[in-house]
Amino acid sequence: MVWLNRLIFLFSLLFSSSNLFSNELNDDEQMYFNFIDLNNDDQISLLEVNQSISLIFQIVDLNQDGFISKVEISELKNIIDSLK
């Protein structure tokens, strides 16, 4: 799932970046951080991570049945591809 890959990507960048000892985030890292930092307090709580995942799940679950189907993933991929 794209959102899960991005979340994993965020944390891998934060912890394995060549700029590991830098105090600055690059543009991508800042974008992911801001996406998850829902209350904009410059900190990410476990609650914010869970809320972010829940929001993404709701967006992907087009028919709101509580499940993400292969069709819904395909539709998401088509939307993402069209934005490129």
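Along the sequence shown, residues carry numbers from 1.
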Engineer: Taking atom OG of Ser45 and atom CG of Asp37, what is their separation to the nearest 0.5 Å?
Structural biologist: 8.5 Å
Engineer: Quick one: side-chain hydrogen bond (donor to acceptor under 3.5 Å, both in side chains) partners of Asn34, sequence neighbours excluded?
Structural biologist: Gln30
Engineer: Work out which heavy atom in Gln43 is nearest to a heavy atom in Glu48; give both atom names and the distance.
Structural biologist: O-OE1, 2.9 Å
Engineer: In chain order, what residues pass the side chain to side chain contact (heavy atoms under 4.5 Å, CB included) check against Glu75, with sequence neighbours excluded?
Structural biologist: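 Only Leu62, Asn78, Ile79 meet the side chain to side chain contact (heavy atoms under 4.5 Å, CB included) criterion with Glu75.
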Engineer: Which value, rounded to the nearest 0.5 Å, describes the distance between Ile53 atom CD1 and Leu55 atom CG?
Structural biologist: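 Interatomic distance, Ile53 CD1 to Leu55 CG, rounded to 0.5 Å: 10.5 Å.
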Engineer: Any side-chain to backbone donor/acceptor pair from Asp28 onto Tyr32? Under 3.5 Å, distance only.
Structural biologist: no
Engineer: Just wondering, are more than 12 heavy atoms of other shown residues or ligands nearer than 6.0 Å to CG in Asn63?
Structural biologist: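 Count over threshold, so yes.
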Engineer: To the nearest 0.5 Å, tell me how far Ile56 CD1 sits from Gln51 CD.
Structural biologist: 12.0 Å
Engineer: Can you check whether Gln64's main-chain N or O pairs, donor with acceptor, with Gln58's side chain at less than 3.5 Å?
Structural biologist: no
Engineer: Is it the case that one hydrophobic cluster holds both Leu38 and Phe35, taking links as side-chain heavy atoms less than 4.5 Å apart, direct or via other members?
Structural biologist: no
Engineer: Within this structure, what is the CZ-CG distance for the pair Phe57 and Asn50, rounded to the nearest 0.5 Å?
Structural biologist: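 The distance works out to 13.5 Å.
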Engineer: Kindly give the heavy-atom pair with the smallest separation between Phe67 and Glu72, and that separation in Å.
Structural biologist: O-OE1, 3.1 Å
Engineer: Evaluate Leu47 against Val49 for side chain to side chain contact (heavy atoms under 4.5 Å, CB included), listing each step before the verdict.
Structural biologist: CA-CA 5 Å; Leu47 178 62; Val49 170; over 6 Å; no
Engineer: Can you name the nearest heavy-atom pair linking Glu24 to Glu29, along with the distance?
Structural biologist: O-OE1, 4.4 Å
Engineer: What's the separation between atom CG in Asn39 and atom CD1 in Ile44, rounded to the nearest 0.5 Å?
Structural biologist: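 Answer rounded to 0.5 Å: 10.0 Å.
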